[in-house]
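Below is one structure, written out as structure tokens; comments come after it.
Quick note on labels: first sequence line is chain A, next is B, and so on, each numbered from 1.
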Protein chains: 2
Amino acid sequence: MSGTHKPVPRIDTSHEHCRAIAETLDRIGDKWTVLAVGVLEQGPLRYNEVRRSISGISQRMLTLTLKNLERDGLVTRTMYATIPPRVDYELTELGRNLLVPLRSLREWAVRHRPAMLAARKRFADKGRSARFGQRAL
Amino acid sequence: MSGTHKPVPRIDTSHEHCRAIAETLDRIGDKWTVLAVGVLEQGPLRYNEVRRSISGISQRMLTLTLKNLERDGLVTRTMYATIPPRVDYELTELGRNLLVPLRSLREWAVRHRPAMLAARKRFADKGRSARFGQRAL
DNA sequence: CTGAATCCACCAAGATACTG
DNA sequence: CAGTATCTTGGTGGATTCAG
């Protein structure tokens, strides 16, 4: 292990790291993926159980979201040839690993998102007052 | 106040966390935001420095991305009325805080994304063999 | 140099209806 | 119950041009 005690001293040798993040975000940054992962956190669910757990999702988008999660090895899909048919979805190890950065993101959202929204509001107000010559609306 | 005192204080107690994540992802999950934050990690940069640091970005998208970051209090925008004009962008405290979950995401990407891509490939191959009657292509 | 403005292509995602 | 198939649309982002 030659001399180097810490193999990760520098964070950003180039922006290929950023690209890795961006690509990951491109995958999980759609409208429903993290919600699906979230509701599956507690354990396996049937198709319609997932559906009911994510209010507002359409059948089409749920099917697409789950299929993509299965394709990427983040959830398993288990069919039971019963009548009526039954399909269970469950997070894989890989999928559960994803919960770690998601929790980190949640942590940021809980702690700092209010400040962000406040800044957004200030920005909007500033823009409005500028457009109306510094006069309150 | 007849009967109904509280319309509905709790919307989704367990999954509102997922919504918070989803909303955050909706904000930073676009094509360029994390890349911009990433290149600004090392310190303030001028407009064209950022531009050159993010290969492939158009003027329009860079301007939009930076403006949104400024609006949400994640970066500061400092104009110098010189000729030629100069504008510096720099991460705020809020913006630097965002680096924490982003690093967590990068950690996942580095460690687990190869497995995800492998699963995706297996899935594609499986689909192909299925469509061609179990025969290798 | 640092943008703003305009036009346009593409695709994610919703609505709806149908199927095994 | 667990999906597919088809159509439609709003928004994201690219290319180009104009401006202070």
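The distance from atom CD of B/Gln59 to atom P of D/dT12 is 21 Å, rounded to the nearest whole Å. The CD1 atom of A/Ile28 sits 17 Å away from the C1' atom of C/dA12 (whole-angstrom rounding). Rounded to whole angstrom, the span from the CE atom of A/Met79 across to the P atom of D/dG3 amounts to 7 Å. Going from atom CZ of B/Arg60 over to atom P of D/dT12 covers 10 Å, rounded to whole Å. The nearest whole Å value for the distance from the NZ atom in A/Lys67 to the C1' atom in D/dG3 is 9 Å. Atom pair A/Leu25:CG and D/dT12:C1' shows a separation of 15 Å (rounding to whole Å applied). Counting to the nearest Å, the P atom of D/dG3 and the CG atom of A/Leu69 are 13 Å from each other. Look at CG on A/Leu62: it is 17 Å from P on C/dA12, rounded to the nearest Å.
Summary of the strand contacts: B/Arg86 and A/Pro85 both lie near DNA chain C, and taking for each the nucleotide with the nearest heavy atom, the more 5' one is attributed to B/Arg86.
Taking the side chain of B/Thr63 as heavy atoms from C-beta on, and the options C/dA4, D/dG13, D/dA2, the nearest nucleotide is C/dA4. For B/Asp30, the listed nucleotide lying nearest its side chain is D/dG13; candidates were D/dG13, C/dG14, C/dC1. Nearest nucleotide to the B/Val87 side chain, out of C/dT2, D/dG13, C/dA13: C/dT2. The side chain of B/Asn48 sits closest to C/dT2 out of C/dG14, C/dT2, D/dG3.
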**Message:** Quick one, A/Leu74 with A/Arg96, criterion side-chain contact (heavy atoms from CB on, under 4.5 Å). Give me CA distance, side-chain angles, the key distance, then yes/no.
**Reply:** CA-CA 8 Å; A/Leu74 297 169; A/Arg96 282 190 295 275; over 6 Å; no

Given A/Leu102 and A/Ile28, is the side-chain contact (heavy atoms from CB on, under 4.5 Å) satisfied, shown in steps? CA-CA 10 Å; A/Leu102 288 185; A/Ile28 68 169; 4.2 Å; yes

- Message: Test side-chain contact (heavy atoms from CB on, under 4.5 Å) on B/Val37 and B/Glu41; report intermediate values, then the result.
- Response: CA-CA 6 Å; B/Val37 172; B/Glu41 177 174 4; over 6 Å; no

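Residue-level contact check: A/Arg51 touches neither bases nor backbone, having no heavy atom under 4.0 Å from any strand. Looking at heavy-atom distances under 4.0 Å, B/Tyr80 makes no contact with the nucleic acid at all.
Seen from the ring of B/Tyr80, B/Arg86 counts as a face-on cation partner, given the 6.0 Å and 45° thresholds.
Taking only side-chain nitrogens and oxygens, B/Arg46 comes nearer than 4.0 Å to OP1 or OP2 of C/dT2. At D/dG14, one or more side-chain N or O atoms of B/Lys31 fall inside 4.0 Å of OP1 or OP2 (strictly under the cut-off). Here B/Tyr47 does not reach the OP1 or OP2 of C/dA4: none of its side-chain N or O atoms lies under 4.0 Å away.
Residues A/Val75 and A/Glu90 are not in side-chain contact: their nearest non-hydrogen atoms beyond the backbone lie 4.5 Å or more apart.
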